[in-house]
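Just so you know, these numbers come straight off a predicted model, no measurement behind them.
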Amino acid sequence: MMVGVETAACCIPYRRLSLPVIRGGRNDAAAPERAVAWFDEDSITMAVEAARQCLAYAQWPDIDGLILASTSSPYDEKQGASIVARALNLPSHVSTMDVAQSLRAGTTAIQYAVAAVKSGEMKRVLVLASDERAVAPGSPGEIDLGDGAVALLIGADDVKLALSGSRSTNNEMMDVWRRSGDRYLHSWEDRFIKKHGYQHVLVSAVREFCESYRCEVKDFSRVCLYAPDPRSHKTAVSELNVAKECVQDPFFGRVGNIGVGAALLQLVAAFESLNVGDRILLASYGDGADVLAFELVSAPPSHATVPRALERRKPVLRYQDFLSAKGLQHSEYADADYQGISATVQYRNAKENLGLVGQRCKSCDTHQFPRGRVCGQCGEKDSWEEVCYSRDFARLLTYTKDAFFPAPEPPTLAGIVEVERHSVDGGKSRGPRMHIQVAECEKDALRCGMQLKFVFRCIHRAGKRPNYFWKCVPIDERESQAV
């Protein structure tokens, strides 16, 4: 039974922080940079965006399971995968699982998903790897980290990238860690942990894999290696004697080390650029190593999410803006720590807030959001069917620029949008009107009539916990087929 990747996608945040800016220099368009999740993004929102793109390219197939791999979930005790499932408006029977506490959680999740599909227990499993790791401002590792997410749809019906082999090793070592309650990563002496930890473990795991499967590194068209920094990556490439043309770009200087998704982002980039018959070797690291081999068995997707995500970017001009967006500044007053929004209210409004679910009147076909009992058009009572609007487009009717709402880059943009519903046959219909914030748009570029799409974001953090809703961002023609 052939099992593997049916389709894949990535989410790379819109903001990029130039590495010279971190050290007090000036922004330079040609300077290396890292991807930065902004104040309204986290590992959950990035996972949702990667998942939406991945499922859209597969025409939103039915899935049986969703696995979220992350070391930076906003909760220590609350499942992030269930939040993602609700945001995707998946049925309640979909099995959800979090895989955490290891940088190789992403490849571990892939192996779980493949095993579930092979056993016949599940038909398709969506694997998400998303991270927003942090080190103390000004520390050496700050220039190497990045934020992002990757989504892989694992199945057996329409496999394009088949898993042909895997091997895992474990290794106990205090190299990089974060205790419960810690905000920042900790690490031991740099040279020691990279030589005796990363380099020894990952290189040995790859060699043991090749010995077990009677192959050589040179048999693979592309080699994807996790690495904590560019120098370590070059050392591993050299020790494994990987040909220059076979080394997959690890994206340092453009995205950075995105944790559990680092090796998988390389996998997606290779998947989108290779030809049928090409083979890919992937190795991830974290308390051991996972080595996976893939073969491209059918034509790769026509879309290429990685180049487009790399191209769509906005530079962060000041380090102070980065600290503000990440909540790393010291403030005069500490954030209030309380229960936050009522759990009862959140439960009652979960479909609207997380799934962007409204309703359509069965009598007059009028759409309404948020939901209610009485139709504002015909007056019919309790005659509704639920409708999800998160996959639709929106048209901006009117807007405002709020300079007083707290944000790292004021003003905050908000407006009234009208949902534009797109049917399979290309037809359009009008949906409800909503008051909503507009993100990733320059204040002078905002205009009435512009086309937008919905994105899942953190709207505020009342009670020191994320409260999610939807925003709109501008859309271009290349994205219109993927939403």
Side-chain angles (χ1 to χ4, degrees), residues 2-5 8 10 103-104 106-108 110-111 114 129 150 152 154 159-171 194-255 257-258 260-286 288-301 304 306-307 310:
M2 185 169 60
V3 178
V5 179
C10 72
L103 282 176
R104 57 188 173 103
T107 46
T108 300
I110 291 176
Q111 294 178 86
V114 169
V150 174
L152 304 171
I154 305 298
V159 177
K160 293 182 175 62
L161 192 64
L163 180 67
S164 56
S166 65
R167 182 181 177 89
S168 298
T169 63
N170 67 79
N171 179 64
K194 288 174 182 176
K195 179 179 179 180
H196 297 283
Y198 167 75
Q199 292 168 15
H200 172 72
V201 173
L202 185 130
V203 170
S204 297
V206 171
R207 288 172 176 166
E208 290 170 5
F209 173 90
C210 291
E211 182 179 350
S212 176
Y213 283 90
R214 298 181 180 181
C215 62
E216 297 181 39
V217 173
K218 66 180 182 180
D219 297 332
F220 294 88
S221 306
R222 203 64 57 86
V223 178
C224 308
L225 301 177
Y226 169 86
D229 57 74
R231 179 176 293 182
S232 297
H233 184 265
K234 290 180 180 179
T235 302
V237 166
S238 177
E239 290 193 22
L240 292 170
N241 197 27
V242 184
K244 183 178 180 180
E245 65 273 11
C246 297
V247 178
Q248 177 59 49
D249 181 0
F251 298 109
F252 287 107
R254 291 197 287 172
V255 180
N257 173 9
I258 62 171
V260 296
L264 301 189
L265 180 62
Q266 297 178 45
L267 177 66
V268 175
F271 172 46
E272 294 177 345
S273 62
L274 295 180
N275 301 311
V276 175
D278 287 338
R279 300 172 68 193
I280 303 172
L281 182 69
L282 179 148
S284 66
Y285 170 81
D290 291 335
V291 183
L292 284 65
F294 297 88
E295 181 177 354
L296 200 59
V297 295
S298 65
V306 176
L310 291 171

| said: Using the rule given for side chain to side chain contact (heavy atoms under 4.5 Å, CB included), can you reason through R207 versus V217, listing the C-alpha separation, both sets of side-chain angles and the distance that settles it, and then say yes or no? | reply: CA-CA 8 Å; R207 288 172 176 166; V217 173; over 6 Å; no
| Taking it one step at a time, do L292 and I110 satisfy side chain to side chain contact (heavy atoms under 4.5 Å, CB included)? | CA-CA 10 Å; L292 284 65; I110 291 176; 3.8 Å; yes
| query | Taking it one step at a time, do E216 and C210 satisfy side chain to side chain contact (heavy atoms under 4.5 Å, CB included)? | reply | CA-CA 6 Å; E216 297 181 39; C210 291; 5.6 Å; no
| query | Can you list the steps and then say if R167 with D290 is a salt bridge (charged side-chain N to carboxylate O under 4.0 Å, His left out)? | reply | CA-CA 6 Å; R167 182 181 177 89; D290 291 335; over 6 Å; no
| message | Before you tell me yes or no, could you show the steps for L240 and V223 under side chain to side chain contact (heavy atoms under 4.5 Å, CB included), namely the whole-Å CA-CA distance, both residues' side-chain angles and the distance that decides it to 0.1 Å? | response | CA-CA 10 Å; L240 292 170; V223 178; 5.5 Å; no
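Applying the side-chain contact (heavy atoms from CB on, under 4.5 Å) test between L161 and each of D278, L152, L267 identifies L267 as the sole match. In summary, of the residues considered (Q266, H233, K234), a side-chain contact (heavy atoms from CB on, under 4.5 Å) with V247 occurs for H233 alone.
Once rounded to the nearest 0.5 Å, the distance linking OG of S168 with CD of Q111 reads 4.0 Å. Distance check, rounded to the nearest 0.5 Å: CG of L282 to CZ of R222 gives 13.0 Å. Note that CZ of F294 is 9.0 Å distant from SG of C224, once rounded to the nearest 0.5 Å. Here the SG-CG distance, from C10 to L310, works out to 7.0 Å after rounding to the nearest 0.5 Å. The line from SG of C246 to CG of L281 is 10.5 Å long, rounded to the nearest 0.5 Å. K194 contributes atom NZ, which lies 4.5 Å from atom OG of S232 (distance to the nearest 0.5 angstrom).
A cation-pi arrangement, defined by a distance under 6.0 Å to the six-membered ring centre and an angle within 45 degrees of its axis, is present between R279 and F220.
A donor-acceptor distance shorter than 3.5 angstrom exists from the side chain of S164 to the backbone of A293, with no hydrogens or angles considered. Using modelled atom types, no side-chain atom of Y285 and backbone atom of L225 make a donor-acceptor pair closer than 3.5 Å. The main-chain N or O of R231 is found under 3.5 Å from a side-chain atom of T235 such that the two form a donor-acceptor pair. Although no hydrogens or angles enter the test, the distance criterion places a donor-acceptor pair under 3.5 Å between the side chain of S273 and the main chain of A269. E295 places no side-chain N or O within donor-acceptor distance of the main-chain N or O of I280, the cut-off being under 3.5 Å. A donor-acceptor pair is defined here as one N or O able to donate and one able to accept, closer than 3.5 Å; no such pair exists between the side chain of S212 and the backbone of E208.
Within the 4.5 Å cutoff, side-chain heavy atoms of P307 are placed close to those of E272. Counting heavy atoms from C-beta on, the side chains of I258 and L265 come closer than 4.5 Å. Side-chain atoms of E239 and Q199, non-hydrogen and from C-beta on, do get closer than 4.5 Å to each other.
Between R104 and A289, the shortest heavy-atom distance links the atoms NE-N, 3.6 Å. Nearest heavy-atom pair, L202 versus Y226, reported as atom, atom and distance to 0.1 Å: CD1-O, 3.9 Å. Contact between V206 and V291 at its shortest, heavy atoms only, is N-CG2, 3.9 Å. Contact detail for A129 and L264: the closest heavy-atom pair is CB-CD1, 3.7 Å. Of all non-hydrogen atoms in A162 and V297, the two that sit nearest each other are CB-CG1, 3.9 Å. Here the closest non-hydrogen pair linking L274 and P300 is O-CG, 3.3 Å.
At most 12 heavy atoms of other shown residues, nucleotides or ligands fall within 6.0 angstrom of atom CD in E211.
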